[in-house]
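Just below is one structure, and these are the notes that go with it.
The analysis underlying the following values was restricted to heavy atoms, covering all of them including side chains, and did not include hydrogens, waters or symmetry mates.
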Amino acid sequence: MLTAFARAFKTPDLRKKLLFTLAIIVIYRIGTHVPIPGVDYTAVQFCIDQAQTNKGLFGLVNMFSGGALLQITIFALGIMPYITASIILQLLTVVIPRLEALKKEGQAGTAKITQYTRYLTVALAILQGTGLVATARSGSLFSGCQLAGQIVPDRSIYSTMVMVITMTAGTAVVMWLGELITDRGIGNGMSILMFISIAATFPSALWAIKEQGTLADGWIEFGTVMAVGLVMVALVVFVEQAQRRIPVQYAKRMIGRRSYGGTSTYIPLKVNQAGIIPVIFASSLLYIPALVVQFSNSTAGWAKWVTANLADTAAPAHITIYFFLIVFFAFFYVAISFNPEEVADNMKKYGGFIPGIRAGRPTAEYLSYVLNRITWPGSLYLGLIALVPTMALAGFGANQNFPFGGTSILIIVGVGLETVKQIESQLQQRNYEGFLR
């Protein structure tokens, strides 16, 4: 990986793209520390210092925003509205025929879906910004803090509108910065901003583990976490790269005097075909009951059960439900994102077949059978990785956003591998062999 970056800096064109990407990252990180108008920043910092950790309902969103959510800055919502909008549009593509037709139109249809994603992102940013301002005004953002109710001193409608508009505009700017990296940088802009947001929380999380440690002034716990982290990274890289290759043979066709086809290729089916989506779905679904209890302030029996079992990440009920939700959403997302019938029809259309399997329906059934078999280890792997923060909480007293586990490590490794592949592919396009050797 370091060799690829070193070679990229030696190539003038790629060096400009890398420096442009770094400049956008600096602007993005500066924006995560600029507070919005109408917020008492001193009270916010006091509550953050008193809490020491990012436990609670907004831990996942705060991680995706690089710690900007709890500081209520202009980039407080971060990349989360765009991620949610992209997932919603991807799910609606399967349900709405119009979106499915746009997806099949190629570049023009993709551009139209991207435009819909932008509109939905702005709508979700308004909704989430309003919810964040209401939570901050009620004091629920930092429950237990003495100054939680003083974070938003001015509670007028005008002040609330200014805060919501500022955060919505910040989300639009983040979306624009990501698209700039995609167009003029090294590509994959939204994923890189997500990578930076999560990586920014690593130093503080690791240092908090060292400060809370008791063995050798905390260095034993720190070294153990680093060793576990290296093992986790190696495991995630191994599974993320693992795939089942289905061989495909294309028959020869004579068109005029030329022969076409007769080549061999394969269909790569990844073990973790769903990626990080099941973890996000499961986390969001588990947050809904706790969110209802927090805003309703109910003391009924169901509210107490939700607080004791679903809101507490270390509760056995929470762990069990979380694990099974991840497994369920892994199968659900794979089922809607990969269509064996469509793949089989395309193969049959171009004269392709799997050796030993008849074209058409038998091919679709075989692909579905293989996909179900490899999704089982992929879903179990996602569930186990997502439970690492809970085990870290019990073992080291770390916060729920434990750096080497769950959503963070999956995104860090996945985006890192994809970025290196893109840089290597661009390097290969710029290295040509001469006629003379």
Side-chain angles (χ1 to χ4, degrees), residues 24 27-28 31-32 34 36-37 58 60-66 68-69 72-135 157-158 160-185 187-197 274-277 280-281 283-285 287-288 291 329 332-333 336-337 411 415:
I24 296 296
I27 295 173
Y28 174 66
T32 58
V34 179
I36 63 175
F58 305 96
L60 181 68
V61 184
N62 186 64
M63 181 186 67
F64 278 110
S65 65
L69 176 74
I72 319 179
T73 63
I74 58 174
F75 291 166
L77 302 179
I79 203 72
M80 200 63 182
Y82 183 85
I83 296 173
T84 307
S86 301
I87 293 174
I88 291 174
L89 261 296
Q90 192 170 4
L91 295 176
L92 290 179
T93 303
V94 185
V95 180
I96 302 177
R98 171 60 180 164
L99 294 177
E100 188 177 1
L102 285 175
K103 185 179 179 182
K104 295 179 180 179
E105 288 181 3
Q107 187 174 0
T110 303
K112 198 69 176 178
I113 293 177
T114 302
Q115 194 69 16
Y116 292 156
T117 305
R118 293 170 183 164
Y119 295 148
L120 185 57
T121 300
V122 173
L124 290 175
I126 295 174
L127 182 63
Q128 294 180 10
T130 305
L132 178 59
V133 172
T135 306
I157 297 179
Y158 173 77
T160 302
M161 290 180 60
V162 169
M163 294 172 67
V164 173
I165 292 173
T166 303
M167 284 190 287
T168 304
T171 301
V173 171
V174 170
M175 185 169 52
W176 177 60
L177 294 177
E179 293 180 353
L180 282 179
I181 295 177
T182 302
D183 296 336
R184 301 176 56 185
N188 210 13
M190 297 300 178
S191 299
I192 289 178
L193 291 183
M194 192 191 312
F195 176 95
I196 295 301
S197 298
I276 193 63
I277 304 300
I280 297 177
F281 278 5
S283 301
S284 303
L285 198 61
Y287 282 159
I288 293 175
L291 184 65
F329 281 121
F332 173 76
Y333 188 78
I336 66 172
S337 62
I411 294 176
V415 176

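With rounding to the nearest 0.5 Å, the separation of CG in Leu285 from CZ in Phe329 is 5.0 Å. Between atom OG1 of residue Thr93 and atom CD1 of residue Ile88 there is a gap of 11.5 Å, rounded to the nearest 0.5 Å. In this structure, CG on Leu99 lies 11.0 Å from CG on Leu91, to the nearest 0.5 angstrom. In this structure, Leu180 CG and Met175 CE are separated by 11.5 Å, a value rounded to the nearest 0.5 Å. To the nearest 0.5 Å, atom CD1 of residue Ile126 and atom OG1 of residue Thr171 are 9.5 Å apart. We find the CD1-CG distance between Ile113 and Leu92 to be 10.5 Å, quoted to the nearest 0.5 Å.
With hydrogens and angles disregarded, a donor-acceptor distance shorter than 3.5 Å links the side chain of Thr182 to the backbone of Gly189.
Aromatic ring orientation, Phe75 versus Tyr28: parallel (interplanar angle below 30°, classes split at 30° and 60°).
Closest approach of Met167 to Ala76, counting heavy atoms only: SD-CB, 4.0 Å. Closest approach of Ala85 and Leu124 over heavy atoms only: N-CD1, 3.7 Å. Between Ile192 and Gly187, the shortest heavy-atom contact is CD1-O, 3.2 Å.
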Under the side-chain contact (heavy atoms from CB on, under 4.5 Å) rule, what do Ile277 and Gln90 come out as? Steps first, then yes or no, please. CA-CA 11 Å; Ile277 304 300; Gln90 192 170 4; 5.7 Å; no
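The environment of Gln107 atom CD is sparse: at most 12 non-hydrogen atoms of other residues, nucleotides or ligands sit within 6.0 angstrom.
The side chain to side chain contact (heavy atoms under 4.5 Å, CB included) test with Pro81 is passed by exactly one of Thr121, Val174, Thr168: Thr121. Under the side chain to side chain contact (heavy atoms under 4.5 Å, CB included) test applied with Tyr82, the options Val122, Leu77, Ile87, Thr117 reduce to a single match, Thr117.
Looking only at side-chain heavy atoms (C-beta outward), Ile83 and Met194 come within less than 4.5 Å of each other.
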